[in-house]
Structures are given as C-alpha cells and as structure tokens.
There are 2 protein chains.
Amino acid sequence: METRHAKTVQTAGFKLTPPRQAVLTALESGDDHMTPAEVLARAQAIYPSLGRATVYRTLELLTNLGIVRPIFLGERGVCLTLAEGGHHHLICSDCGAVVEFDECPVSELEQELAERLNFQIRGHLLEFYGLCAQCQG
Amino acid sequence: METRHAKTVQTAGFKLTPPRQAVLTALESGDDHMTPAEVLARAQAIYPSLGRATVYRTLELLTNLGIVRPIFLGERGVCLTLAEGGHHHLICSDCGAVVEFDECPVSELEQELAERLNFQIRGHLLEFYGLCAQCQG
DNA sequence: CGATAATTGAGACCTGATCTCACTGAGACG
DNA sequence: CGTCTCAGTGAGATCAGGTCTCAATTATCG
C-alpha cells in the first residue's frame, strides 16, 4: 500500500524524499481521519526535523495526485483521508458525534456519472446529518 | 421558507433579532454554497452595523438548530448550506471544479440507518471525487 | 420603574495555514 | 572529480479566518 502511493509520487515525476515518505507513512498509520496537525505530529515522530511547511506542501501534492483528500468532519474540522474508496458517516448537528457505517448504494450511480460527465471517479463521501439519539427532543 | 426557519429559532427559545433575521435572509438569498465571508457580506448589506462575531454566533446557532450546515467544498473551503435535503457533487481533486447532480439513491438507506441507529436524519451530502475531463491524463 | 438576562458590536487575540528565503543535496555534464 | 542546476527543505515571518472579551444595548418581567 505504501509502496503503491510512493510509486504514484515517483511516476508523477516527484522525488520520494524522506520527508515525503514520513508523511505517507504517517497517513497510513493511525486512522483514516487525521487532522493536518495529527499528520504533522506523526510524521515528525518518524522524521524529527520535518517542518510544518513541508507537511502542508506534501499534503497538497498528495491531494493533487489523488492519493489523499480533505474532508470536513463537523466538530473535528478538516481531516485527511485516503482518497480511494468510500467514506460513510452520520454526523450529529448538535454534539458533533460521528458514526461510521458500511452500506453504500452508490456504485451504479458512480459508473453512470463517470460516463456521462467524463469524470474519472476515485472515491466518494456519503454523509447523513441530523440528531443522534442523545440530542433529540 | 424564511418564516419557517425564523419560527424554528423562536420556538427553540431564541429571540428573532434583526441581526439574526439578516443572517437568515442572507442565507436564503444567493446560492446554497456560501462561505461564511459571503454570508457576512450579504448580511451586512441588509443590516450594516452587523458585526462579524454576531454572524459566526448566529451561524453556530443555526447549525445547532439543524437549519444550516457546514460542508467542505474542495477549493472553496468550508461553505454553508441549508441542512434539509440532499447535496450532490462531483469534485475534481486537481482543479477543484465542482459539478452538481440530482440523482440520489440514498433514501432507503437513510430510512434504514435512521431506524437502526436511532438517528433523526435531516439531510445528506454525497460527493464523488476524482479527475474532471480537463485534468485527466 | 428597576432587575435580570439575552444579545450585540468593536476590537483584541489565537491558531492554523501560507509565504519567503536562504540552504541542501541529488543528478547532469564537462 | 568539480560545479551547475534545480527540486526540495526548514525556519520563521506573515496572513487570514475565526474566537473571545467586555462594555453597551435591548427585551422581558415582576
């Protein structure tokens, strides 16, 4: 997995430097909803001299390459997630709780939209929002 | 429509003050993907002495009441949208283009999740991301 | 009429993100 | 082997959006 993304970076003509590897590794450890600050911390644990700017630059690079993608998780703010595949949450508008689920009915639609709009689709995000059990009433 | 949301504010025990009305009106004019800065600008056009803090406070209030909800649109950053109903986009990871579409296959799933997780669902967001026609290759 | 509480605007402040710039290190090439 | 070039980097200045504080205002109610 790391190997695959590292390859993507290289074949796109960018160098696979230790700072970039550290960011990639950081992203693949930990869960799939890390804030930039968490990525920075983890990556610095791997490669201590790593600077903040480099992390942001790398995240931007990885985003443009379609490896990673920012999503907005209510309370947590912007988080990074691997771009491939789907992400499915319910978010409580009141307390910000995030619940994940697995069912996903969008693959046909994905196909169809890809063809109709000539879009090369790599992943998706499906979020429901409302009130969780605790916050109702 | 405005009336409805205004009512919601009142019945939740909050005062429907001119600043809050201005924010509500601002949200309902314009499109459904306004950044906070745009909301501020529009609301100030309606009620010039309106302060920034009040707009953010009101947006937070409206979010907690489930009237409005922040979503993250790639390049544009965080935007506000009316919480009710669905929002459907394709977003290009490279250039940030946003394309909307209407088809939406999630209503059954919505039902089922609502029951299973005891979540009172008010709206949803379905985003596909990948590369648009221009950015491929 | 006070008393109380909610709401507000102004501006200080904070924090996360971006920019600048001098420096490094890895190839390209004679 | 020197040295040129240039992508990549870290440090820190800087910026921008959002939050917080606080005094003033307004509404409500007894």
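All values below were derived from every heavy atom in this structure, side-chain atoms included, with hydrogens, water molecules and symmetry-related copies excluded. Residue numbering restarts at 1 for every chain, and letters A, B, ... go by the order of the sequence lines.
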Open item on the list: Students often mix this up, so state it plainly: with edges at 30° and 60°, are the rings of A/H33 and A/H89 parallel, tilted or perpendicular?
Closed with: perpendicular
Open item on the list: OP1 or OP2 of D/dG10 versus the side-chain N and O atoms of A/T54: is any pair under 4.0 Å?
Closed with: yes
Task: N or O in side chain of B/T17 less than 4.0 angstrom from C/dT7 OP1/OP2 - done: no
I'd like to know if the side chain of [X] reaches the main chain of [Y], judged simply by a donor and an acceptor atom lying under 3.5 Å from each other, with no hydrogens or angles considered.
| X | Y | answer |
| --- | --- | --- |
| A/Q44 | A/L50 | yes |
| B/T58 | B/R20 | no |
| A/Q120 | B/L131 | no |
| A/E103 | B/L113 | no |

Let me know the distance between [atom1] of [X] and [atom2] of [N], rounded to the nearest Å.
| X | N | atom1 | atom2 | value |
| --- | --- | --- | --- | --- |
| B/L16 | C/dA6 | CG | C1' | 14 Å |
| A/L50 | D/dG8 | CG | P | 15 Å |
| B/L61 | C/dA6 | CG | C1' | 12 Å |
| A/F14 | C/dG27 | CZ | C1' | 17 Å |
| A/Y47 | D/dA11 | OH | P | 10 Å |

Task: Rounded distance [0.5 Å steps], CZ in B/R116 versus CD in B/Q111 - done: 13.0 Å
Task: Position toward the 5' end of DNA chain C (nearest nucleotide), B/T58 or A/V78 - done: B/T58
Open item on the list: Within residues 33-45 of chain A, which residues have any heavy atom lying less than 4.0 Å from an atom of DNA chain C?
Closed with: A/P36
TODO: For residues A/T63 and A/P70, determine if any side-chain heavy atom of one lies less than 4.5 Å from a side-chain heavy atom of the other.
DONE: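 Counting from C-beta outward, A/T63 and A/P70 do come under 4.5 Å.
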Task: Flag side-chain contact, heavy atom, 4.5 Å: A/L24 against A/L62 - done: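 They are in contact (side-chain heavy atoms under 4.5 Å apart), so the answer is yes.
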Task: Nucleic acid footprint by protein, nucleotides 19-30 of chain D - heavy-atom cut-off 4.0 Å, B for base, S for sugar-phosphate alone - done: BBB---------
Task: salt bridge (Lys or Arg N to Asp or Glu O under 4.0 Å) partners of A/E60, counting only residues at least two apart - done: none
